Amino acid sequence: MAKKIQAIRGMNDCLPEQSGLWQWVENNIRDVVASYGYQEIRMPIVESTDLFKRSIGEVTDIVEKEMYTFDDRNGDSLTLRPEGTASCVRAGNEHGLLYNQQQRLWYMGPMFRHERPQKGRYRQFHQFGVEVFGLNGPDIDAEVILMTARLWKAFGISEHVTLELNSLGSNEARANYRNALVEYLMAREELLDEDSKRRMQTNPLRVLDSKNPQVQEALADAPSLMEYLDEESRQHFQGLCERLEQLGIQYRVNPRLVRGLDYYNRTVFEWVTESLGSQGTVCAGGRYDGLVEQLGGHTTPAVGFAMGMERLVLMLETLSLTSAVPQPVDVYVTALGEMAELAATQISEQLRDQLPGVRVQTHCGGGNFKKQMKRADNSGAAVALIIGENEVNEGVVGVKYLRDNAEQQTLPRVDLASHLATLLAK
């Protein structure tokens, strides 16, 4: 027997018993973004490596360690996208969507990072992201946060997530704070772990979110980002906080909240949870007003967020919040005998015509009544239709209820669709 080929480590299959939950999550996302008038954009999975070096930053962990990069046959360096924002900006610049315009966009799809696989974090993972261009006020920051809050309501997890906010200020204010933080850290270098020492030289703000208790203790008296904010950023952040309070969105200001990517400025936010252990961030985003220009476009304000789909699915499973996921089959049609098999196919097709959206599965492969009913039950269907030669000759169908104690019925074929429509609407 030939050796079996397995999936690449950290790149997982989504099996049929899992795909229903994924579809339910994706459909809820589509409904919510549509309710805000956002439009979908789809970008390629492979981009020029230079796109991510210029946007994310060459000295970040993503670019240095995690990207899947290769030379194609023409000798061009290409990379499987590790995140969606840079690709979205590239597409907007390339197709003239951004200059002197307002765009509210969203996307969903696979991303790739060579990290150590763990539950909820894989090498091929899926992100849903929103990007807004051409609006610079705190009102649009509030809108994208409101959108995430509505998503949590749709998934039933509002009570399990907490919003954290911070402001990184302008690029100049951030640079001034960076210098003050490095000076503070240098004086306490012996208290830092090796990872923090490396970050101190490359991306010192990332030291603030270290998970090492000793590092956090060393940061106890570190300068606060808020002390270095420029006045315009301070007013912007105050305007955002006031809007969220008026709209009933609870939050907490976390002065040590930063983002791992170089292009963020001003507003940054995360939705965090205690339901996933150490993998506590469900959604993260903020402003990146300089990225469009950095990638060759005109100066354009921008704000957005992204959430990892695997982590969201894991959270729903952990909290046992999957009962709303519909079964893959509503009606299972059995057929006993050759004459009944053709009738079953005809009835199934008629039901699909008359009841759009109702999922009808027709039994194939023969077998006795007991075997067919077992398959009907395993399908998750609410109803099994029983069709034998007698039913065909009399123009009727047996209706067996699989999920409650109602007695089996026999109905004329002409009444079947209306009966099922009423039953399945409950």
Side-chain angles (χ1 to χ4, degrees), residues 1-7 11-28 126 309-310 313-314 316-318 320-426:
M1 181 182 293
K3 182 180 178 180
K4 290 183 179 179
I5 299 175
Q6 295 185 321
M11 300 187 181
N12 300 335
D13 300 306
C14 183
L15 302 179
E17 59 264 28
Q18 302 163 319
S19 61
L21 174 57
W22 276 82
Q23 291 169 1
W24 180 76
V25 168
E26 292 164 358
N27 289 338
N28 272 291
H126 297 76
M309 308 279 286
E310 280 83 358
V313 167
L314 176 60
L316 291 169
E317 291 174 334
T318 301
S320 300
L321 296 174
T322 60
S323 59
V325 179
Q327 292 293 325
V329 178
D330 297 313
V331 178
Y332 193 95
V333 184
T334 67
L336 302 169
E338 188 174 336
M339 184 187 303
E341 288 177 2
L342 177 59
T345 301
Q346 292 173 331
I347 290 171
S348 297
E349 288 300 303
Q350 290 168 357
L351 290 176
R352 294 182 186 110
D353 288 337
Q354 296 167 337
L355 303 174
V358 172
R359 290 152 296 193
V360 181
Q361 188 169 96
T362 311
H363 181 85
C364 294
N368 58 33
F369 180 74
K370 184 177 180 180
K371 177 182 177 181
Q372 294 196 32
M373 290 309 299
K374 183 177 181 180
R375 290 194 175 178
D377 189 54
N378 290 340
S379 74
V383 173
L385 302 185
I386 300 169
I387 303 170
E389 291 188 5
N390 289 339
E391 283 79 11
V392 174
N393 291 330
E394 296 174 15
V396 298
V397 177
V399 180
K400 183 173 180 60
Y401 305 96
L402 302 175
R403 307 300 159 201
D404 57 39
N405 295 323
E407 291 187 7
Q408 182 174 321
Q409 289 182 273
T410 300
L411 296 175
R413 283 178 59 169
V414 293
D415 296 335
L416 183 60
S418 59
H419 177 77
L420 291 177
T422 302
L423 176 70
L424 297 173
K426 294 180 181 179

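Source: prediction; values computed, not measured.
The salt bridge (Lys or Arg N to Asp or Glu O under 4.0 Å) analysis of residues 384-393, with sequence neighbours excluded, yields no pairs. Pairs passing the side-chain hydrogen bond (donor to acceptor under 3.5 Å, both in side chains) check and including a residue from residues 376-386, sequence neighbours excluded, read Asp377-Arg403. Residues in residues 11-27 take part in no side-chain hydrogen bond (donor to acceptor under 3.5 Å, both in side chains) pair, two or more places apart or across chains.
Judged as a salt bridge (Lys or Arg N to Asp or Glu O under 4.0 Å), and not counting sequence neighbours, the contacts of Arg359 are Asp330. Take Ala344 and apply the side-chain contact (heavy atoms from CB on, under 4.5 Å) test, not counting sequence neighbours, and it matches Val333, Ala335, Thr362, Ile387. Take Asn393 and apply the side-chain contact (heavy atoms from CB on, under 4.5 Å) test, not counting sequence neighbours, and it matches Met339. Listed by chain and number, the residues in a side-chain contact (heavy atoms from CB on, under 4.5 Å) with Glu338 amount to none (sequence neighbours excluded). Shown here are the side chain to side chain donor-acceptor pair (under 3.5 Å) partners of Gln361, two or more places apart in sequence or in another chain: there are none. Residues meeting the side-chain contact (heavy atoms from CB on, under 4.5 Å) test with Thr318, sequence neighbours left out: Leu276, Leu314. Remark: Glu349 engages Arg352 in a salt bridge (Lys or Arg N to Asp or Glu O under 4.0 Å) (not counting sequence neighbours).
Other residues, nucleotides and ligands place no more than 12 heavy atoms under 6.0 Å from the CD atom of Glu407.
With hydrogens and angles left out, the side-chain atoms of Gln409 and Tyr401 include a donor and acceptor closer than 3.5 Å.
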